[in-house]
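Working notes, structure below.
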There are 2 protein chains.
Amino acid sequence: TCRLPDFATHQVGVAGAVLDESNGKVLVVQDKNKTKNAWKFPGGLSNPGENIGVTAVREVFEETGVRAEFRSLLSIRQQHNHPGAFGMSDMYLICRLSPLTFRINFCRLECLRCEWMEVGELARTGDTTPITSRVAKLLLYGFREGFDKVDLSMEELPAAYSGMFYQLYHRELPEAHRQP
Amino acid sequence: TCRLPDFATHQVGVAGAVLDESNGKVLVVQDKNKTKNAWKFPGGLSNPGENIGVTAVREVFEETGVRAEFRSLLSIRQQHNHPGAFGMSDMYLICRLSPLTFRINFCRLECLRCEWMEVGELARTGDTTPITSRVAKLLLYGFREGFDKVDLSMEELPAAYSGMFYQLYHRELPEAHRQP
């Protein structure tokens, strides 16, 4: 409807699952300021006006020192009233990235540990969060069977009225179905 | 990072693509207050604390009078500084719904027209927006080849620290890959 007030209700966080396809290892961190030392994907909040993939690449670099590039969107979480969000809702997106560099130089302000871990080990360990575990299983499935099984691809399309462009994410549409 | 201020930067809009699988027709509207009369899926802004699927079902009912149920998430769009958002960014999600009722009783405050249209016709027409056209092609692909080709399924998982639950959307993970 157009009868609701326009105001921002969500913060957007993005994590980057950087998978090295040459050895099946994924880049994981443990946050410094959490009680439970759970392995997670590096990530953080989007800056205003920042695209999802840009946030993922920036946060991965800031936290771990690893340069990476955006490949796809893997998962979206919506959560309401989570601790730290001050009553706002939270949209959290996990992207698949490919590494461009491999040497870890992690941020000691934010992280306690950082390493390249076998994605199968991350999928099995109890020392992680439920969402990280689930996305590790998705990554493992994609690594074994093809990433087309798990990826949402990104495309830029023109906005209807403004002449600007936006980013659209969905399952790959086969060429034959693009012009029905 | 945890060094950024926590504030909401995005409004979240949700549209519902209600597809009647018995005849391949989808519910579309034309907004009253737009210059170009483009066919679109009914939808609108999320209320604070409202889940994506709930917004889609509510907005479809408010605009068209049709009752429907959530099936899957199809597509995510991120857009910055679009007209009407006052500098905020916008996350727009399109869900696939199944109709529970079929009689249209549309809201004349918001809509000029509302009808059940063949999804193939919506995929072909020029009287629509680029995103609606793309999602119509995805729907047509799913209708013909199986919705597992296009759907992101939703699952509730426990949050790591709060004991609350959140909604996670991703590609269906085959049973054999859930416990690697």
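Numbers restart at 1 for each chain; the letters A, B, ... are given by sequence-line order, proteins then strands.
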Identify which part of A:Ile94 has an atom lying under 4.5 Å from any heavy atom of chain B, answering side chain, backbone, both or neither.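 Neither part, no heavy atoms under 4.5 Å.
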Enter the distance from [X]:[atom1] to [Y]:[atom2] here, rounded to the nearest 0.5 Å.
X	Y	atom1	atom2	value
A:Leu157	B:Ile131	CG	CD1	7.5 Å
B:Arg171	A:Leu152	CZ	CG	8.0 Å
A:Arg178	B:Leu138	CZ	CG	9.0 Å
B:Glu172	A:Tyr141	CD	OH	9.0 Å

Pairs of heavy atoms under 4.5 Å with chain B: top-ranked of A:Met154, A:Glu145, A:His170: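 Ranked by contacts with chain B, first place is A:His170.
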Heavy-atom closest contact ([X] atom, [Y] atom, distance):
X	Y	answer
B:Gln78	A:Ile52	OE1-N, 2.9 Å
A:Pro130	B:Pro158	CG-O, 3.5 Å
B:Gly49	A:Ser89	N-OG, 3.8 Å

So which of B:Val150, B:Asn51, B:Leu74 has the biggest tally of heavy-atom pairs under 4.5 Å with chain A?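 Highest number of heavy-atom pairs under 4.5 Å: B:Asn51.
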ILVMFWY cluster, [X] and [Y] together (side-chain gap under 4.5 Å):
X	Y	answer
A:Phe102	A:Phe70	yes
A:Ile104	A:Phe41	no
B:Trp116	B:Val29	no
B:Tyr92	B:Leu97	no
B:Trp39	B:Val119	yes

Between A:Ser75 (side chain only) and B:Tyr169 (backbone N and O only), is there a donor and an acceptor less than 3.5 Å apart?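 Yes.
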Contact check, side chains of A:Arg134 and B:Glu155, non-hydrogen atoms, under 4.5 Å: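 Yes, their side chains come closer than 4.5 Å.
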Would you mind reporting whether A:Tyr166 and B:Asp90 have side-chain heavy atoms less than 4.5 Å apart?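 No - every pair of side-chain heavy atoms lies 4.5 Å or more apart.
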Could you please spell out the steps behind the side-chain contact (heavy atoms from CB on, under 4.5 Å) verdict for B:Met91 and A:Val12? CA-CA 9 Å; B:Met91 196 78 79; A:Val12 169; 3.7 Å; yes
Criterion side-chain contact (heavy atoms from CB on, under 4.5 Å) on A:Ile76 and B:Leu73, from CA distance to verdict: CA-CA 10 Å; A:Ile76 301 105; B:Leu73 180 61; 4.0 Å; yes
Per-residue contact mode, B:Lys149 against chain A (heavy atom under 4.5 angstrom):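 B:Lys149 touches chain A through backbone heavy atoms alone.
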